[in-house]
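Below: the structure, in C-alpha cells.
What you see below is based on every heavy atom in this structure, not just the backbone, and it leaves out hydrogens, waters and symmetry mates. Read the numbers this way: they start at 1 and go in the same order the structure lists the ligands and their atoms.
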Amino acid sequence: MTPVSYFPHKNNEMYVDDIAISDIAKQVKTPFYCYSSTAIEASYQEYKNAFSAQDALVCFAVKANSNQAVLATLAKLGSGADVVSMGEIRRAITAGIPANKIVYSGVAKSQEEIHYALTLGILQFNVESEPELELISKVATSLNKTAAIAFRINPDVCAQTHAKISTGKAENKFGVPISKARIAYKQAAALPGIKVQGVDVHIGSQLTNLAPFAEAYQRIAELVTELRADGHDIRVVDVGGGLGITYLDEVIPSKQTYADLVKTQLGHLNCKIILEPGRSLLGNAGILVSSVAFVKNGEERQFLMLDAGMNDLIRPSMYDAYHQIIAVNKGTKVLKTYDVVGPVCETGDTFAKARQVHASDAGDLIAIMSSGAYGAVMSSSYNTRLLAPEVMVKGSEFSIVRKRPSYEDIIKQDIIPSWL
Ligand SMILES: *Cc1c(COP(=O)(O)O)cnc(C)c1O
C-alpha cells in the first residue's frame with residue numbers, strides 16, 4: 001500500500017473511495033483527518049491472509065489510532081487490541097473488542113489499571129519489569145484471580161530505525177534484558193496469582209528491513225526452548241509490531257514475507273503468535289486535509305502556510321518524519337518549491353522544507369499523506385487550536401467520527417479558583 005493507493009487522483013482531483021476530498025471539505029472545515037475504511041479492511045486482510053497458515057491473532061496497537069470508528073471496523077473483522085493504558089482498554093472494549101483478545105503492554109501500569117484489566121479477564125499482561133510483576137501478583141491475589149503473563153524481553157538488537165522509536169536495545173527503557181530472562185521467569189513461576197504463558201518482544205517502529213526482526217525472533221526462539229527446559233509452559237509468542245510503511249519511496253517487505261520469517265524463526269515452537277501492528281495497519285489508510293492560509297514570499301524561499309500545524313500532526317517536528325504533501329486539486333498547475341509550514345508559533349512547526357508541490361493559492365486544499373497512524377492520537381490543542389475532526393469514508397458515504405470541539409468546550413475545562 002503506497003501513500004496514494006487509497007487516495008488516488010481522478011481527473012486531477014483527489015478521491016477517497018468514491019468521494020472527492022473537496023466534497024468532504026465543503027462540509028467539514030479544514031483541517032481534518034480522513035480515513036478510508038476500505039483501506040483499513042484491506043490492510044487487516046493482508047495480515048490475516050499472510051498468517052493464515054499459523055495460529056496467529058492480530059492485536060491492533062491502539063495507540064496508533066484509537067478512534068472508536070477505527071476500532072469498531074477492526075473489531076468486526078476479528079481483530080484484538082494491544083493497549084498501553086486503562087483509557088485504551090476502555091476504548092477497545094467500548095468499540096466491541098472482547099477482553100479475551102486484549103494484550104496489555106506498557107512500562108508503568110498502575111495498580112488501578114491492573115485491577116481493571118484483571119476484572120475484565122484480558123488475554124495477557126506483557127510485563128516489563130520485576131516490580132510490575134510483583135504488583136500484578138499482589139492485585140491478582142487480592143481479587144482471587146490469575147493473571148496470564150508474558151515478559152517483554154529486550155533482545156538487545158538494533159532496529160535500524162529512528163532513535164525515538166527504537167525500543168529493543170539494551171539502553172532503552174523497555175522490557176527485561178534477555179540475559180536476565182530466566183531468573184525473571186523463575187521468580188514469576190513462584191509468585192501467587194501469576195500464570196506464565198508467553199514471551200513478548202517489540203523492538204521498534206517503522207522497520208523497513210526484516211533483518212532485525214529475524215535476529216530478535218531467533219533469540220526469542222532460543223529463549224523459549226531454554227524456558228521450556230526450565231519447566232515453564234510457554235505457549236504464546238507475542239512478536240510485537242513495528243513493520244514499516246512507505247512514506248516516500250521506502251520498499252517495505254510484504255506482510256507475507258514477514259509472516260514467512262515468523263514461521264521460519266518461531267514455527268517449530270508450535271506457539272500461538274500474537275501480532276501487534278499499528279502503523280502498518282493504519283498509516284496509509286488516512287490523510288490530513290488542510291487548506292492553504294497564505295502563500296508568503298520570503299527573501300530566500302516561498303512558504304506555503306497551512307491551516308494545519310504541528311499540534312495536528314507532530315511527526316515531522318518530533319521525528320523529522322517525511323510525509324508526502326500533495327495538492328488535492330492538481331489542475332494544470334506546475335510544480336513549485338515551497339517550505340510547507342503551519343500556523344503555530346514555533347519554528348519547528350514545519351511539515352517540509354524545499355518541497356515540490358503544485359503551485360497553490362490561498363484556499364487551495366493540501367493533503368498530508370500517510371497520516372492514519374500516530375496522527376490524530378498525538379494531536380493537541382497547543383496555541384488553543386481546536387483538535388482536528390476525523391472523518392471516515394466507505395464507498396460513497398462518509399461520516400464525521402470525531403467532532404471538532406468548540407472553544408467553549410476547551411475553555412470550560414479550566415477552573416478559576418474562588419479565592420482568586
Ligand atoms: C507502539 C507499539 C506497537 C505498534 O508499533 P507499530 O510500529 O505502530 O506497528 C506494538 N507493540 C508495542 C508494545 C508498542 O509499544
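- Around atom 3 (C) of ligand 1, the closest heavy atom drawn from Arg279, Gln206, His202 belongs to His202.
- Proximity of Ser280 to ligand 1 is not established, as no heavy-atom distance is less than 4.0 Å.
- Within the listing of ligand 1, atoms 6 (P), 7 (O), 8 (O) sit less than 4.0 angstrom from a heavy atom of Ser205.
- Residue Asn126 does not touch ligand 1, judged by heavy-atom distances below 4.0 Å.
- Ligand-side atoms of ligand 1 in range of Pro277: 9 (O), range being under 4.0 angstrom from any heavy atom.
- Ligand-side atoms of ligand 1 in range of Gly241: 9 (O), 10 (C), range being under 4.0 angstrom from any heavy atom.
- Ligand 1 has Tyr374 within reach: a non-hydrogen atom of the residue lies less than 4.0 Å from it.
- Checked by atom type, the side-chain pair Asn126/Asp238 shows a donor-acceptor distance below 3.5 Å.
- Looking at ligand 1, you'll find an N or O of Gly242 within less than 3.5 Å of one of its N or O atoms.
- The distance criterion of under 3.5 Å between nitrogen or oxygen atoms is met by Gly278 with respect to ligand 1.
- For ligand 1, the atoms closer than 4.0 angstrom to any heavy atom of Arg152 are 13 (C).
- Ring orientation note: the planes of Phe125 and Tyr104 are tilted relative to one another, at an angle of 30° to 60°.
- Proximity of Ile102 to Ile93: side-chain heavy atoms (C-beta onward) are separated by under 4.5 Å at one or more points.
- Those atoms of ligand 1 with a heavy atom of Glu276 less than 4.0 angstrom away are 3 (C), 4 (C), 9 (O), 10 (C), 11 (N), 12 (C), 13 (C).
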_The test is salt bridge (Lys or Arg N to Asp or Glu O under 4.0 Å); show your working for Lys394 and Glu41 and say whether it passes._
CA-CA 10 Å; Lys394 181 153 196 189; Glu41 287 171 22; 3.1 Å; yes
